[in-house]
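Structure, as structure tokens:
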Amino acid sequence: MEKLFQLFDTDDVAVTVQPLGSGKINHTYWVQGQRGAYVMQEVNTRVFPRPDVLMQNIDRVTRHLAEQQPEGRNLQVIRTRSGELAAKVNSGFWRCYNYLEQTTALDVVATPKDAFAAAKGFGDFLYRLSDLPPDQVQPVLPDFHNVAFRVEQLDAAIREDRVGREPGVRDVWNDIKLLQTPILEVFQRIQSGAVPTRITHNDTKISNVLLDAHSLEPVAVVDLDTVMPGSALFDVGDMIRTFVCPVDENEPDLSKISIRADIFEALVAGYHEGTQGILTPTEKDMVVDAGKMLLFTQAIRFLTDYLNGDVYYKTDYPEQNLVRTKNQWKLLSLLVQGEKDWRSLVRKVFYKF
Ligand code: GN1
Ligand code: MG
């Protein structure tokens, strides 16, 4: 690891290297050097088959953000000594960032203040990239939020039943299927141009925004792998998915799953503030639909991986992807049950009535 670090242009040497974070795709390490601290990551090239394009996107976006806010604590790509955006070592694809000191990442939102700050951070990210034309970044995972594509992947996994798990998922799949048509309609509305294409983050879970360790104000958005042209609804939807519940997607005890209204309200208010008025009325109107869509998609993505034998998401035990599916399904059911109230809550935040 220390040797790998030497490939990057830092004038420093690694003293300590430790695993960092709770990501399910890449391998992330915190590197303490003699002069500073860094984050080194091995990009999962099975999930991201075009890592060079991904790094070009990240470079474009981080430079833009730094130009806009030169005095800010910005994420920077540290190039290799030969000037590349990443180091290719054997079959590994490695990159390095500056480590942002005195920041913290949360796995679960504890208070409305956290929700407000994190959502404001993601909103600010959208706002500050809104003067960069969306075609300046490439669609690095083209069908990432395409619900129809995710449904097809699930159907294929059920048909193929590679590891014999299909009988055990029939009940949960029958439940999920009930929502397929309305959710597909939400996605089709987005695709039909009802909302603008923007540069979006696409993986806005709570742990992907760094907050100042003392003030808890947002500092920087991280995990930029999925930055590409998309809809703000993907971002706000994934925030609903990961902020409103008091436990995370790994929780097996479904009785602990609930929607916290005060957190929901703070998340919408934070996003409203961060985006500084750029959201259109249709985007505002579709916030709850977005939450439903992201929860539905995540539930079926976990289910697909369970059926395929856990080849995509890191797991700690064999049934974990099924546990995650049921967890997301429960949260989705609650959102649907209280839909009318959640819609009024969102309207109240945006329009004050
Ligand atoms: C993956 O790697 P991580 O944990 O940031 C996934 C997201 C999922 C998330 C679920 C590229 O993100 O889409 O929402 O797991 N990222 C990719 O925890 O598939
Ligand atoms: Mg991610």
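Both counts, for ligands and for their atoms, begin at 1 and track the order of listing. Only this structure's heavy atoms are used, side chains among them; waters, hydrogens and symmetry mates stay out.
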request  = Between Ile25 and ligand 1, find which residue part has any heavy-atom pair under 4.0 Å and reply side chain, backbone, both or neither.
outcome  = both
task = Record the part of Asn202 in heavy-atom contact with ligand 1 below 4.0 Å; permitted values are side chain, backbone, both and neither.
result = neither
key: Selection from Lys24, Lys314, Arg301, Glu249 by shortest heavy-atom distance to atom 6 (C) of ligand 1   = Arg301
cation_pi(Lys284, Phe350) dist<6.0 Å, angle<=45 =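 Flagged: Lys284 positioned over aromatic ring of Phe350.
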message = Under 6.0 Å from the ring centre and within 45 degrees of the ring axis: does the NZ or CZ of Arg165 meet both conditions for the six-membered ring of Tyr306?
response =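 The answer is yes, since Arg165 meets both limits relative to Tyr306.
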task = For the Mg ion (ligand 2), state how many protein N, O or S atoms fall inside a distance shorter than 2.8 Å.
result = 2
ask   = Going by the atom numbers of ligand 1, which of them fall below 4.0 Å from some non-hydrogen atom of Tyr312?
value = 11 (C), 17 (C), 19 (O)
Which of the ligand 1 atoms, numbered from 1, are nearer than 4.0 Å to a heavy atom of Asp223 =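 Within the 4.0 Å cut-off of Asp223, ligand 1 contributes 5 (O).
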message = Quick one about Asn327 and Asn250 (side-chain donor to acceptor, distance below 3.5 Å, no hydrogens or angles considered), yes or no?
response = no
request  = Determine, for Asp175 against Arg170, whether the closest basic-nitrogen to carboxylate-oxygen distance falls under 4.0 angstrom.
outcome  = no
Note: Asp171-Lys326 ion pair, threshold 4.0 Å (strictly below) =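 Result for this pair is no, no salt bridge flagged.
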inquiry  = When you measure from the side chain of Asn208 to the backbone of Asp203, do you find a donor-acceptor pair of N or O atoms at a distance under 3.5 Å?
reply    = yes
